[in-house]
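Everything below concerns the one structure shown next.
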Amino acid sequence: MAMAVMRDKAAAEVFELSTGVHASAVVRAAVQLGLADAVGDEPVTLEALASAVGARQDTLGRFMRLLTAYGIFAEVGEDRYEHTPTSRALRSDAPDGPAGIIRLGGDWNWILWGLLAHSVRTGESAFQAHYGQDIFAYFDQNRQAGDAFQHGLSVVARREDPLVAEALPVKEGECVVELAGGKGNLLRAVLERHPGVTGVLVETEQALDTVDPALREGPLAERFRAFPGDCQTAVPGGGDVYLIKQTLHMWDDETCLRVLANCRRAAPPGARVVVVEQLLTDGPAERRTRLMDLHMLLVAGGRERTEKDFAELFHRAGLSFGGIRGEAGDLRLIEAVTPEA
Ligand SMILES: C[S@@+](CC[C@H](N)C(=O)[O-])C[C@H]1O[C@@H](n2cnc3c(N)ncnc32)[C@H](O)[C@@H]1O
């Protein structure tokens, strides 16, 4: 449309950026309709596809025409479609499971980005502004959204948790208390990687309802304990390592300080608090972390942090900063130590 008549390069670039929402909507709708799962190894007719996904044939035909323009499916003959590598990647059983990650951000996520200007202007979480409640309270009342969120996190976890478990500074015989560990994917990886270690998972009742069955039954069960609770209020004692992965970034500094101070109070002297997060750095190529920083503002009033931000948070919580103790892909293992008695 207007692009064609834009002679100014910067104007054309900024317009192009503003249309990014269309590509997101196209991919999201393809996942919502379940199109990739409805196409097998053989080409499929539009009629069969419309019937399989429960859509009107005429509008689905128009949507398929657009999808093929993005390289998602290819048209082979009139009104017959087959997979391309990109459409295959949207199948529920595809490697790395992008469809599960796309479903993680349900309708609620879509609405939040439309409120970005509000959050930038006010500092208020868009979620709170729109729904009048915290995201986890919302998940309590909307189980399907909560389950899709936890499922999406597990898909991501499958890739990164074994790396975190490998890098975790823990010794045989120690107890790892994981706060806000979702379905327990990371704790499972830790127990599998370190056979002499025991684990406690502190989570909401809802997340514990769908905890990884491998932690409840089988050989890991005797080294695992679930602790339903609110880590902003209290955390269990007796841990040698308090592990918190990709959760502090959801919270503002005051909330993080409450959780870290709970660890300091509950843990024995010299225990480690290991925070696993991606770090904000000054590099110009850090668009992903900078996006995530604003995403956290929208979702829960949180933020991404630099190494220096973490050192300051630990100091304010009465912990000493132990430095970066390891890495797992983009994630860093940032350590704090509880004071000696
Ligand atoms: C962003 S998810 C991270 C989950 C997991 N650590 C991961 O890396 O996949 C945040 C988790 O915090 C849990 N959570 C939120 N508030 C909590 C609280 N007050 N106490 C304990 N867990 C909480 C949620 O249920 C959710 O699983």
Side-chain angles (χ1 to χ4, degrees), residues 97 100-101 103-106 108-109 112 125 127-128 133-165 167-168 176-190 199-212 215 225-236 239 241-252 254-263 266 273-278 292-293 295-305 328-334:
I101 302 170
R103 285 193 196 99
L104 179 160
W108 55 268
N109 189 30
L112 300 189
S125 141
F127 199 100
Q128 186 70 36
Q133 65 185 153
D134 162 74
I135 187 170
F136 295 109
Y138 172 88
F139 285 157
D140 267 350
Q141 291 157 13
N142 296 274
R143 298 290 293 212
Q144 215 182 346
D147 289 349
F149 178 79
Q150 289 293 353
H151 173 75
L153 290 180
S154 308
V155 173
V156 181
R158 251 180 262 144
R159 280 199 309 264
E160 58 194 23
D161 285 350
L163 302 175
V164 177
L168 187 69
V176 175
V177 177
E178 190 187 6
L179 309 181
K183 294 157 84 82
N185 304 87
L186 175 57
L187 200 52
R188 173 181 174 175
V190 168
V200 179
L201 177 62
V202 184
E203 252 294 352
T204 60
E205 299 268 5
Q206 183 182 358
L208 290 177
D209 279 352
T210 59
V211 80
D212 187 331
L215 290 167
R225 187 159 62 87
F227 185 97
D230 174 359
C231 64
Q232 294 180 28
T233 307
V235 306
V241 175
Y242 285 76
L243 182 60
I244 319 174
K245 175 174 156 257
Q246 290 193 295
T247 298
L248 291 189
H249 72 165
M250 295 195 77
W251 290 329
D252 61 18
E254 294 315 310
T255 310
C256 293
L257 284 172
R258 275 204 301 282
V259 173
L260 293 171
N262 287 340
C263 294
V273 178
V274 178
V275 172
V276 183
E277 294 278 358
Q278 58 266 25
M292 192 56 93
D293 181 39
H295 183 57
M296 290 302 134
L297 168 65
L298 296 174
V299 170
R303 63 187 313 138
E304 298 297 330
R305 295 180 171 86
D330 289 345
L331 300 174
R332 298 292 174 270
L333 282 70
I334 313 146

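Since this is a predicted model, take the numbers as computed values, not measurements. Quick note: numbers below take in every heavy atom, side chains included, and nothing from hydrogens, waters or symmetry partners. Both counts, for ligands and for their atoms, begin at 1 and track the order of listing.
Of the charged side-chain nitrogens involved, at least one lies within less than 4.0 Å of a carboxylate oxygen, so that D161 and K245 count as a salt-bridged pair.
Checking only distances, W251 never comes within under 3.5 Å of ligand 1, N or O to N or O. For A180, a nitrogen or oxygen atom sits less than 3.5 Å from a nitrogen or oxygen atom of ligand 1, counting backbone and side chain alike. Polar contact with ligand 1: absent for Q246 (N/O pair, distance under 3.5 Å). Ligand 1 has no N or O atom lying under 3.5 Å from any N or O atom of M250, backbone or side chain. Not a single N or O atom of H249, backbone or side chain, sits closer than 3.5 Å to an N or O atom of ligand 1.
Inter-residue side-chain proximity for D147 and Q206 is flagged as met; some heavy-atom pair is nearer than 4.5 Å. Residues Q246 and E160 form a side-chain contact, since some pair of their non-hydrogen atoms from C-beta on lies under 4.5 Å apart. No side-chain heavy atom of R303 sits under 4.5 Å from any side-chain heavy atom of M296. Between V177 and V235, the closest side-chain pair of non-hydrogen atoms is not below 4.5 Å. Within the 4.5 Å cutoff, the side chain of R103 has no heavy atoms near those of the H151 side chain.
Shortest contact from atom 10 (C) of ligand 1 to any protein heavy atom: T247 OG1, 3.5 Å. Protein heavy atom at the shortest distance from atom 2 (S) of ligand 1 is L153 CD1, 3.5 Å. Counting only heavy atoms of the protein, atom 18 (C) of ligand 1 lies nearest to D230 OD1, 3.7 Å. Nearest to atom 25 (O) of ligand 1 among the protein's heavy atoms is E203 OE1, 2.9 Å. For atom 20 (N) of ligand 1, the nearest non-hydrogen atom of the protein is C231 N, 3.0 Å. Looking only at heavy atoms of the protein, atom 24 (C) of ligand 1 is closest to F136 CE2, 3.3 Å.
Under the 4.0 angstrom criterion for non-hydrogen atoms, G229 is in contact with ligand 1. F227 does not count as a contact of ligand 1, since none of its heavy atoms falls under 4.0 Å from the ligand.
Per-residue contacts place Q150 under 4.0 angstrom from the following atoms of ligand 1 (heavy atoms of the residue considered): 25 (O), 26 (C), 27 (O). Short contacts between ligand 1 and G182, defined as distances under 4.0 Å to a heavy atom of the residue, involve ligand atoms 27 (O).
Using bins of under 30°, 30° to 60° and over 60° for the plane-to-plane angle, the ring pair F149/F139 lands in the tilted bin.
Shown here for G181 and E203, the closest heavy-atom pair between the two residues is N-OE2, 3.5 Å. Taking both residues in full, the closest heavy atoms of L186 and E178 are given as CD2-OE2, 3.6 Å, listed atom of the first, atom of the second, then distance.
Looking only at distances, a side-chain donor or acceptor of N262 sits under 3.5 Å from a matching main-chain atom of Q232.
Scanning E205, E277, K245 for the heavy atom closest to atom 8 (O) of ligand 1 points to K245.
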